[in-house]
Colleague: 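The structure that follows is given in the form of structure tokens.
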Amino acid sequence: MSGMRVQAKVANGETEVKILMNHPMETGGRKDQKTNEVIPAHFITEVTCEHNGKVVLNSDWSGGISKNPYLSFKFKGGAAEESVKVTWKDNKGETETQEAKIKA
Amino acid sequence: MSMKRRTFLKGALASGAVAATAGLMPRLVFAEGAKAPAGFDAKTYDDALKAVSGGAEVTESPAIAIKVPDIAENGSVVPIQINAELPKIESIAILVEKNPVPLIANFKFAENGVGYISTRIKMGGTSNVVALVKSDGKYFSVKKEVKVTVGGCGG
């Protein structure tokens, strides 16, 4: 369940953040093919990213994001050695946070 | 500009009757305590779009580009990249018209946001993928069809 990876790189005045999360992203609409029982919903509902303690991205998700989610986004500003902090929360209340230093 | 608005209004009138009645449903569900953000309990594309945009006018914009494969062999992992060359990007939402839950995600930016998102989404079958971008208080969208060989919702 753990092991989120965060990379951030600044170029031309913009910082690109790349995130890989470990998560099953079960929609709750899928059935176990052997038992025919519905697999309970278990997916990330919220992902936020802070840069130097200020929120730069806040996102709401459904189970429509693929398993072991990948996300990349950009924000203006950022400098080498500054920190970005990414946090996800899921529908069961589980959460994970990972910090990374911005690379030039 | 006026032409665009006219064609939009025609479309809005055509779907208005359905949307008006259906629009009441999600609100009732919200009232019952689920704190799902707007649009995530919508079961149809029209309801989801309306919930995210707050019913505001949505204009098709060539300034938004969706990069998706024309044909996806595996609907459970469809890479998508969105680039929006618009001022003051406030949010980017991804919707899949024919998914059981059409709203995939809604990304909201601070004032230093850039119109760029790259991720991987699930598609139950062949459908249009829609990017809905809020720029300077207004909503813009663009759609692109992806043909899905094996759906990604049945597992």
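Hydrogens, waters and symmetry mates are skipped; everything else that's a heavy atom, side chains included, is used. Sequence lines set the chain letters: A, B, ... in the order given, protein chains first and strands last, and positions in each chain run from 1.
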Colleague: Do B/Val114 and A/Lys76 come close enough that some side-chain heavy atom pair is under 4.5 Å?
Modeller: yes
Colleague: Taking the side chain as every heavy atom from C-beta outward, state whether A/Tyr70 and B/Ser118 have any atom pair closer than 4.5 Å.
Modeller: yes
Colleague: Can you check whether B/Gly113's main-chain N or O pairs, donor with acceptor, with A/Lys74's side chain at less than 3.5 Å?
Modeller: no
Colleague: Angle class for the A/Phe73/B/Phe109 ring planes (parallel below 30°, perpendicular above 60°, tilted otherwise)?
Modeller: tilted
Colleague: Are A/Ile65 and A/Met4 connected in a single hydrophobic cluster, I mean Ile/Leu/Val/Met/Phe/Trp/Tyr linked by side-chain heavy atoms less than 4.5 Å apart?
Modeller: yes
Colleague: Quick check on A/Lys9: does its NZ atom have over 12 non-hydrogen neighbours (other residues, nucleotides or ligands) under 6.0 Å away?
Modeller: no
Colleague: State the CH2-CG distance between A/Trp61 and B/Leu103, to the nearest 0.5 angstrom.
Modeller: 13.0 Å
Colleague: Any chance CD of A/Gln7 has more than 12 other-residue heavy atoms, nucleotides or ligands included, within less than 6.0 Å?
Modeller: no
Colleague: Is there a side-chain contact between A/Leu71 and B/Arg120 (heavy atoms, below 4.5 Å)?
Modeller: no
Colleague: If I measure from the heavy atoms of chain B, does A/Val55 come under 4.5 Å with its side chain, its backbone, both, or neither?
Modeller: backbone
Colleague: Is it true that, when you exclude B/Glu145 itself, more than 12 heavy atoms of the residues, nucleotides or ligands shown sit nearer than 6.0 Å to its CD?
Modeller: yes
Colleague: Using a cut-off of 6.0 Å, state whether more than 12 heavy atoms not belonging to A/Lys54 lie near its atom NZ.
Modeller: yes
Colleague: Go through it in stages, so that I can follow the logic: the residues are A/Thr27 and B/Val101, the test is side-chain contact (heavy atoms from CB on, under 4.5 Å), and I'd like the CA-CA distance, side-chain angles, deciding distance and then a yes or no.
Modeller: CA-CA 9 Å; A/Thr27 58; B/Val101 180; over 6 Å; no
Colleague: Decide if atom CD of B/Glu85 counts as having more than 12 heavy atoms of other residues, nucleotides or ligands within a radius under 6.0 Å.
Modeller: no
Colleague: A/Leu20 and B/Ile121: same hydrophobic cluster, using ILVMFWY side-chain contacts below 4.5 Å?
Modeller: no
Colleague: With a 4.5 angstrom heavy-atom cut-off, which part of B/Ile117 approaches chain A: side chain, backbone, both or neither?
Modeller: both
Colleague: If you look at every heavy atom in B/Val78 and A/Ser66, which pair is closest and at what distance?
Modeller: N-OG, 4.2 Å
Colleague: Looking at side-chain heavy atoms only, is the closest gap between A/Val56 and B/Asn112 below 4.5 Å?
Modeller: yes
Colleague: Using non-hydrogen atoms and a 4.5 Å limit, figure out which bit of A/Lys67 sits close to chain B: side chain, backbone, both or neither.
Modeller: backbone
Colleague: So which of A/Asn58, A/Asp32, A/Thr45 has the largest heavy-atom pair count under 4.5 angstrom toward chain B?
Modeller: A/Asn58
Colleague: Where does A/Glu16 contact chain B at under 4.5 Å (heavy atoms): side chain, backbone, both or neither?
Modeller: side chain
Colleague: Are A/Phe75 and B/Tyr116 side-chain neighbours, meaning at least one heavy-atom pair lies under 4.5 Å?
Modeller: no
Colleague: Which region of A/Ile44, side chain (C-beta onward) or backbone (N, CA, C, O), has a non-hydrogen atom less than 4.5 Å from a non-hydrogen atom of chain B, or is it both or neither?
Modeller: neither
Colleague: Determine, using the 4.5 Å side-chain heavy-atom cutoff (strictly less than), whether B/Val68 and B/Ile82 are members of one ILVMFWY cluster.
Modeller: yes
Colleague: Backbone N or O of B/Phe40 within a donor-acceptor pair of the A/Ser62 side chain at under 3.5 Å?
Modeller: no
